[in-house]
Protein chains: 2
Amino acid sequence: MSRTWNQYVVKQENKALVLTTIINHTPISRAAVAQSTGLNKGTVSSLVSELIDEAFVTESGPGASSGGRRPVMLLFNAKAGFTVSVDLGVGYIQAALTDLNGEIVQVEKKQVKESTFDLVFETLVHLIEQLIKHAPVSRYGVIGIGVGVPAVVSHEGEILLAPNLNWKNIQLKQALEDVFDLPILIENEANAGAYGEMRFGFKQPPKDMIYASIGIGIGAGMILDGKLYTGKSGFSGEIGHMTIVKDGTSCRCGNVGCFERYASEQVLLEHAVKRHLIKANEDLSLDTLIKKAEAHDQEVLQLFEEVGEYIGIGLTNIINIFNPEVVLIGNRLRDLQKWLIPPIEHYIHSRAIGFHQQDLTVDFAKLENFSTVKGMAAFTIERFLAQLKDI
Amino acid sequence: MSRTWNQYVVKQENKALVLTTIINHTPISRAAVAQSTGLNKGTVSSLVSELIDEAFVTESGPGASSGGRRPVMLLFNAKAGFTVSVDLGVGYIQAALTDLNGEIVQVEKKQVKESTFDLVFETLVHLIEQLIKHAPVSRYGVIGIGVGVPAVVSHEGEILLAPNLNWKNIQLKQALEDVFDLPILIENEANAGAYGEMRFGFKQPPKDMIYASIGIGIGAGMILDGKLYTGKSGFSGEIGHMTIVKDGTSCRCGNVGCFERYASEQVLLEHAVKRHLIKANEDLSLDTLIKKAEAHDQEVLQLFEEVGEYIGIGLTNIINIFNPEVVLIGNRLRDLQKWLIPPIEHYIHSRAIGFHQQDLTVDFAKLENFSTVKGMAAFTIERFLAQLKDI
DNA sequence: TAAGTTTGTCCACAGGTTGCACAAAGGTAG
DNA sequence: CTACCTTTGTGCAACCTGTGGACAAACTTA
C-alpha cells in the first residue's frame with residue numbers, strides 16, 4: 001500500500017526537517033531554523049519545544065545579536081543515546097560506543113586468532129556487553145547495535161557468504177537478537193564504510209560516491225543520489241569480480257581476470273612470495289612490505305606501482321560507468337596511499353573519459369580505520385530517528 | 001532550501017497518488033482507489049472530481065457489481081494531451097506522436113544522409129512540425145517535445161559530445177526552444193531507452209535494471225531503486241569504455257581494451273571486412289551480415305558467437321557490480337538476439353557470481369525500436385504531470 | 001419482498017500550518 | 001541616557017485538508 005499523506009505525516013516530516021537542520025547547523029536559533037527550512041516561525045517554535053521535551057535538543061545561552069534581540073541558541077543533544085557499532089574484520093573485531101553524532105566515545109579492539117563462528121561470536125558478544133556496561137546514563141540509552149562484516153549480506157541480515165572468514169549461511173542478526181534486546185543491523189563492510197565516509201567524512205556530503213574497500217578482496221559501497229545503493233537483493237558492489245583481463249588469472253568466484261586478482265592485499269602477498277621480497281624469517285604481512293617500502297626497497301616499490309596501475313584500471317572503469325563525484329579507497333590498502341597515489345592518478349588522468357574527470361575527486365578514506373564503525377553508527381542512528389515517527 | 005510540508009503539498013501528493021492509481025489500474029472505481037491507496041472514501045471522491053474537471057479522468061458506465069451497488073468506473077484519459085518524442089540516431093530520425101499512456105499515435109521515420117547539424121536540425125524541425133500539425137484536438141494539446149540522442153548530454157540539455165554524429169557542444173535544447181514554444185527535454189539515448197523499457201515494457205516495472213544499448217558504440221541506461229541514475233553531471237553509463245582486456249585494442253576515447261572495441265556494430269563490421277565476410281559488391285552493413293547468418297554462413301555465425309562472448313564478459317561485470325533484477329540489450333544488436341542469446345547466457349551462467357543470478361533476467365529490449373521514443377515520452381509526460389503540482 | 005452489501009456523497013470535527021500582532025530584549029545614534 | 005529601530009520568539013485566529021461516520025442510492029440474494 002502506498003503511503004498516504006495527511007496532517008500527521010506533515011508534522012513528522014517537518015519535525016524531522018527541523019531536527020536535521022539543528023543537527024547540521026548546531027548551534028542555531030529558532031529564527032534561523034525557520035529561515036533555513038522555510039517554515040513559519042510559530043511552527044518551528046512548537047516543533048522545537050517538542051524536540052526539547054524529547055531530549056533531542058537543548059537550549060544554550062543567548063547567542064550574538066545581529067542588531068536586535070539576542071537569539072536563544074539550540075543545540076543537538078548528541079548524548080541523548082548511544083550506539084554500539086562494530087567492525088567485524090578478518091582476524092580482529094573493533095567495537096565502539098558512539099553518540100548520536102557518530103562520535104566515538106569508547107573503542108575496543110581485539111585480535112581473534114581463529115575465525116570459527118563460535119569463537120568470533122563469543123568475543124563479539126563480550127565486547128558488546130562491555131561497551132553497553134560503560135555507556136553513560138542517557139535518556140534513550142543504547143539505541144541499537146550495528147555490525148559491519150566482510151560478507152555478502154541479504155536484506156534480511158543473513159550472512160550468506162563470507163569467503164575470508166569461511167562462513168556460510170549464518171544467522172548473525174538472529175543470534176545477536178537472542179542475546180541482546182536491542183535493534184540489530186548487519187551490513188556489508190564496504191557499504192557501511194561508504195555510508196560512514198559520506199555522512200561524516202565531508203563538510204558537504206557528496207551525492208554520488210564510490211567507496212572501494214581494498215583489503216584481502218575488493219568490494220565497493222555505492223552512494224548514488226545521496227542514498228546507499230544495495231541492488232535487488234542487497235549484493236551489489238562486487239567490483240572485485242569485474243573482469244579486467246580477458247582470459248586472465250582464474251578466481252575462486254569461478255570467473256577469470258577478476259580485478260581483485262590483480263589488486264588486493266592477497267595479490268601483494270602472493271607476489272611478495274613469488275618474487276622473494278619477504279625472507280623466511282620475516283612476517284608475511286602487509287606491514288612487512290610497508291616497512292620495506294619505507295626503507296626504499298626498489299622491488300617492493302615496483303610491486304606497489306604495478307598494483308597501483310591495476311587499481312587505476314579498475315577505478316577508471318568505475319568512473320566511466322558511474323560518473324561519481326568522489327571515489328574513495330579504504331580498508332587495508334589505504335595504508336599504502338603514499339605509494340599508490342601517483343600510479344592511480346596517472347592512470348585515471350590519462351584514461352578516464354575527460355568529462356567524467358571534471359568535478360571528480362579521487363582520494364583515500366578520511367575516517368582512518370573507523371569508516372565501517374561510523375557507517376554502522378550512522379545506520380543505527382538513522383533507523384532510530386526514523387522509527388520515532390511511527391510512535 | 002529544503003522542501004517544507006504543508007496542507008497544499010499533502011493535497012498534491014494525494015492527488016498524484018490517486019491519478020497514478022487510476023492510470024495503473026484503469027478502469028477502477030472510487031471505492032477501489034480508496035482501498036488501494038488507503039485514503040478515505042470522501043477524500044478520493046473530492047480529488048477525483050478535480051481530476052475529472054481537469055480532463056485527466058473520465059467516468060465510464062457502471063462496472064460489474066460485487067454484491068452491492070454497481071461502481072462507476074474511472075478511466076485515465078490518455079488523450080488529454082500528446083507528446084512529440086524523437087529518437088535522433090545516426091543516419092535516421094524517428095519521431096512519434098504519443099498519448100499520455102506512451103502509446104504511439106503516429107510515427108515518422110526519415111533517413112538523413114549526412115550528419116551535419118544544420119541538415120539534421122532542419123529535418124528534425126520539419127518532422128516535429130508535421131506531428132504537431134497532426135495532433136488530435138485535446139484539452140492540453142502537445143505538452144512537450146523530447147529528443148533522445150546518442151551523445152553525452154549535460155543535466156542542462158546541452159550536447160557536449162556526440163562522437164558518431166561528429167557533434168560537439170551543441171545547444172540543441174536552446175535551438176528547439178527558439179522554434180517551438182513548448183517544454184523541451186534532451187536525454188541520452190540509452191537513458192531514454194532504459195526508462196522507456198522500465199515504464200512500458202513490464203507488467204511489474206523492475207526497480208533495478210540495466211539497459212545496455214549496443215549499437216555503433218555501447219552505452220547503458222541505469223534504473224536504480226526505480227529511478228534513472230545519471231551521475232554527478234549526467235554522464236553516467238559509459239560502460240562501453242570499461243576496460244575488459246588489459247593492454248587491449250586502443251579506443252578513440254584514449255583508453256585501451258574498452259568493451260565496445262570487442263562488442264559493437266562497429267566491431268562486427270570491422271571484423272567482417274578483415275575476414276572478407278562481405279564481398280566488395282555487397283553492402284557493408286549489419287543487415288548484410290544478418291542475411292548471411294540466416295543462410296547459415298558458418299564464418300558469420302562464428303563471428304556472432306565471438307562477439308556474444310565478449311558481450312557476456314561486459315554484462316557479467318555489470319551484473320557483479322549492480323546486482324540488478326533485469327539486464328536488457330537494446331539498439332542495433334537487438335536484431336542479432338537469435339544468435340547472441342546462447343553465448344551470452346552461457347557466459348553469464350558460468351561466470352557471474354551465483355547469488356546475483358538468483359532473480360536475474362537477461363533479455364532483449366521489448367519495445368522493438370521504440371525504446372528511446374517511449375522513454376522520451378515517459379520523461380515528457382512525467383514532467384508535465386509533476387509540473388501540474390506547482391500551479 | 002425483505003434483508004444485506006457495496007458505492008459514493010455529505011458534513012462536523014480534528015489537527016496542522018500560516019500570517020500577523022505583539023511582547024521581550026537588545027542595538028544605535030544623538 | 002533616551003528614543004527609535006531591529007531581531008527573536010510566542011500567541012491566536014483563520015484556513016485548509018483528511019478522517020470517520022451517517023446516509024442515500026443501487027444492486028444482489030434468499
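- Take the nearest nucleotide of DNA chain D for A:V72 and for A:Y8: the residue whose nucleotide is more 5' is A:V72.
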Tabulate atom names and distances for all N/O pairs under 3.5 angstrom spanning the protein and nucleotides 25-30 of chain C.
from, atom 1, to, atom 2, distance (Å)
C:dA25, N3, A:R69, N, 3.4

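- In this structure, A:N40 reaches the bases: a heavy-atom distance under 4.0 Å links it to at least one base atom across the strands shown.
- Residue A:S45 places at least one side-chain N or O under 4.0 Å from the OP1 or OP2 atom of D:dT10.
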**OP:** List the steps and the verdict of side-chain hydrogen bond (donor to acceptor under 3.5 Å, both in side chains) for A:S85 and A:T98.
**Re:** CA-CA 7 Å; A:S85 300; A:T98 81; 4.6 Å; no
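- A:R199 and A:E382 are joined by a salt bridge, as a carboxylate oxygen and a charged side-chain nitrogen come within less than 4.0 angstrom of each other.
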**OP:** Please report the C-alpha distance between B:E50 and B:K11 in whole Å, then the side-chain angles of each, then the deciding distance to 0.1 Å, and finally whether the salt bridge (charged side-chain N to carboxylate O under 4.0 Å, His left out) criterion is met.
**Re:** CA-CA 11 Å; B:E50 285 187 32; B:K11 179 168 178 183; 2.5 Å; yes
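- Note on A:K41: a base of the nucleic acid sits closer than 4.0 angstrom, heavy atoms only.
- Using a 4.0 Å heavy-atom cutoff across all strands shown, B:S46 reaches no nucleic acid atom at all.
- Taking only side-chain nitrogens and oxygens, B:N14 comes nearer than 4.0 Å to OP1 or OP2 of D:dG18.
- In this structure, B:V44 reaches neither bases nor backbone, as no heavy-atom distance under 4.0 Å exists between it and the strands shown.
- For A:T43, counting side-chain heavy atoms from C-beta on, the closest listed nucleotide (C:dT17, C:dT9, D:dT19) is C:dT17.
- Regarding B:L39, its CG atom lies at a distance of 16 Å from the C1' atom of C:dT9, rounded to whole Å.
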